[in-house]
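Comments concern the structure below.
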Amino acid sequence: AFEVFLSHSVNPDDLPIVDDLEKRARSFGVILYAAERDNKPGSNLTTKITTAIQRSDVVVALLTTNGASSAWVNQEVGYALRSGKLVVPLIEEGVKPPAMLEGKEYVRFHRDRPHEALDHITRFLTRLKADKEYRQTVELVTGIGLVALVVVLAVVALSSGG
């Protein structure tokens with residue numbers, strides 16, 4: 001599976017963008033993790049989020065006006081960066097990228113027209129997913145080839161020794 005941790009504000013103004021991105025990602029087989037949808041009463045929220053970030057292949061930071069000022073979003077992005085995760089910032093027009101993302105490429109979007117930016121992010125995530133699947137296939141084929149080679153060598157060794 002290819003998993004994306006979505007760091008975002010839970011402000012009602014931002015949730016339509018989250019929903020739209022989730023639908024687009026799902027249509028390409030990309031699993032988008034949003035912490036507020038992983039409701040496990042009694043669980044430790046910090047542990048749940050850090051585990052999801054560690055498990056993810058990439059982190060998308062939805063930096064709206066609300067998201068950029070959210071302590072949770074900033075902590076999630078900081079944790080992801082410290083963990084060596086690829087962080088893809090999706091930044092609303094007029095919002096200044098946080099200092100911790102300085103030098104990172106990002107995608108700008110306009111709140112009234114987020115579709116082009118969401119399409120761009122979705123295509124990028126789909127390419128990352130395909131790259132991961134290709135690497136896994138190569139590793140599998142290589143592993144099978146090595147097992148076959150060991151079996152052939154063992155058969156040759158047994159036949160020449162007997």
Side-chain angles (χ1 to χ4, degrees), residues 1-111 113-140 143:
F2 186 81
E3 294 187 44
V4 175
F5 182 91
L6 178 61
S7 182
H8 64 94
S9 117
V10 291
N11 185 294
D13 292 341
D14 294 347
L15 296 181
I17 298 169
V18 171
D19 292 340
D20 194 357
L21 182 56
E22 184 178 37
K23 284 180 201 158
R24 290 166 194 267
R26 192 177 332 120
S27 72
F28 289 98
V30 173
I31 299 165
L32 200 79
Y33 179 89
E36 78 280 359
R37 296 185 181 156
D38 183 14
N39 192 5
K40 294 178 183 154
S43 66
N44 181 300
L45 186 59
T46 302
T47 301
K48 180 172 73 170
I49 288 171
T50 56
T51 299
I53 291 171
Q54 291 168 358
R55 187 179 61 230
S56 70
D57 294 288
V58 65
V59 172
V60 171
L62 179 60
L63 299 173
T64 60
T65 302
N66 302 310
S69 62
S70 163
W72 276 101
V73 169
N74 282 286
Q75 289 174 12
E76 291 164 357
V77 170
Y79 182 78
L81 290 169
R82 283 190 306 280
S83 299
K85 293 293 177 178
L86 172 64
V87 176
V88 179
L90 182 56
I91 304 177
E92 183 178 7
E93 287 290 337
V95 173
K96 184 177 184 235
M100 70 180 121
L101 293 174
E102 193 171 306
K104 295 250 184 224
E105 289 189 32
Y106 55 87
V107 176
R108 281 267 182 209
F109 74 95
H110 192 280
R111 181 167 290 277
R113 301 180 312 279
H115 307 297
E116 185 177 313
L118 296 181
D119 284 344
H120 181 76
I121 288 287
T122 304
R123 283 191 305 272
F124 179 70
L125 295 174
T126 303
R127 283 195 308 272
L128 290 177
K129 177 181 182 264
D131 289 348
K132 179 183 179 184
E133 290 168 346
Y134 174 77
R135 285 191 314 274
Q136 288 174 333
T137 301
V138 168
E139 289 169 5
L140 178 64

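Here the structure is a predicted model, which means the values were calculated and not measured.
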Not counting sequence neighbours, which residues clear salt bridge (charged side-chain N to carboxylate O under 4.0 Å, His left out) with Glu3? List them please.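 By the salt bridge (charged side-chain N to carboxylate O under 4.0 Å, His left out) rule, Glu3 matches Arg55.
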Quick one: salt bridge (charged side-chain N to carboxylate O under 4.0 Å, His left out) partners of Asp19, sequence neighbours excluded?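 Scan of Asp19 (salt bridge (charged side-chain N to carboxylate O under 4.0 Å, His left out), adjacent residues dropped) gives Arg37.
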Check: [Y] and [X] side chains under 4.5 Å, non-hydrogen atoms:
X: Asp14; Y: Val10; answer: no
X: Pro98; Y: Leu63; answer: yes
X: Lys48; Y: Leu45; answer: yes
X: Arg123; Y: Arg127; answer: yes
X: Ile53; Y: Glu76; answer: yes

Apply side-chain contact (heavy atoms from CB on, under 4.5 Å) to Leu6 and Leu62, showing your working. CA-CA 7 Å; Leu6 178 61; Leu62 179 60; 4.3 Å; yes
Taking every non-hydrogen atom, the tightest pair across [X] and [Y]:
X: Val18; Y: Leu32; result: O-CD2, 4.5 Å
X: Glu36; Y: Leu15; result: OE2-CD2, 4.4 Å
X: Thr64; Y: Val95; result: C-CG2, 3.7 Å
X: Asn44; Y: Thr46; result: OD1-N, 3.0 Å
X: Ala35; Y: Ile49; result: CB-CG1, 3.9 Å

Enumerate the residue pairs fulfilling side chain to side chain donor-acceptor pair (under 3.5 Å) with a member in residues 98-110, sequence neighbours excluded, ordered by first and then second residue.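 Qualifying pairs: none.
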Donor-acceptor contacts under 3.5 Å from residues 84-91 side chains, at least two apart:
residue : atom : partner : partner atom : Å
Lys85   : NZ   : Gln54   : O            : 2.9
Lys85   : NZ   : Ser56   : O            : 2.5

Chi angles and distances behind the side-chain contact (heavy atoms from CB on, under 4.5 Å) call for Val60, His8: CA-CA 8 Å; Val60 171; His8 64 94; over 6 Å; no
Just do the side-chain contact (heavy atoms from CB on, under 4.5 Å) check on Leu128 and Asp57 with the steps written out, would you? CA-CA 9 Å; Leu128 290 177; Asp57 294 288; over 6 Å; no
Nearest 0.5 Å, please: how far is CH2 in Trp72 from OG in Ser9?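 Going from OG on Ser9 over to CH2 on Trp72, the span is 13.5 Å.
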Quick one: OG1 on Thr65 to CD on Glu93, what's the gap to the nearest 0.5 Å?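 Reported value, rounded in 0.5 Å steps: 11.0 Å.
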Given Leu125 and Phe28, is the side-chain contact (heavy atoms from CB on, under 4.5 Å) satisfied, shown in steps? CA-CA 9 Å; Leu125 295 174; Phe28 289 98; over 6 Å; no
Residues in side chain to side chain donor-acceptor pair (under 3.5 Å) with Asn74, at least two apart?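 Partners of Asn74 under the side chain to side chain donor-acceptor pair (under 3.5 Å) test: none.
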Taking Arg24 first and then Asp20, would you say they form a salt bridge - that is, a charged N and a carboxylate O separated by under 4.0 Å?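 Salt bridge: yes.
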Applying ring pair (Phe, Tyr, Trp, His ring centres under 6.0 Å), can you list everything that pairs with Phe109, at least two apart in sequence or on another chain?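 None.
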Just by modelled atom types, is the Asn66 backbone N or O under 3.5 Å from a matching donor or acceptor in the Ser70 side chain?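 Such a contact is absent between Ser70 side chain and Asn66 backbone.
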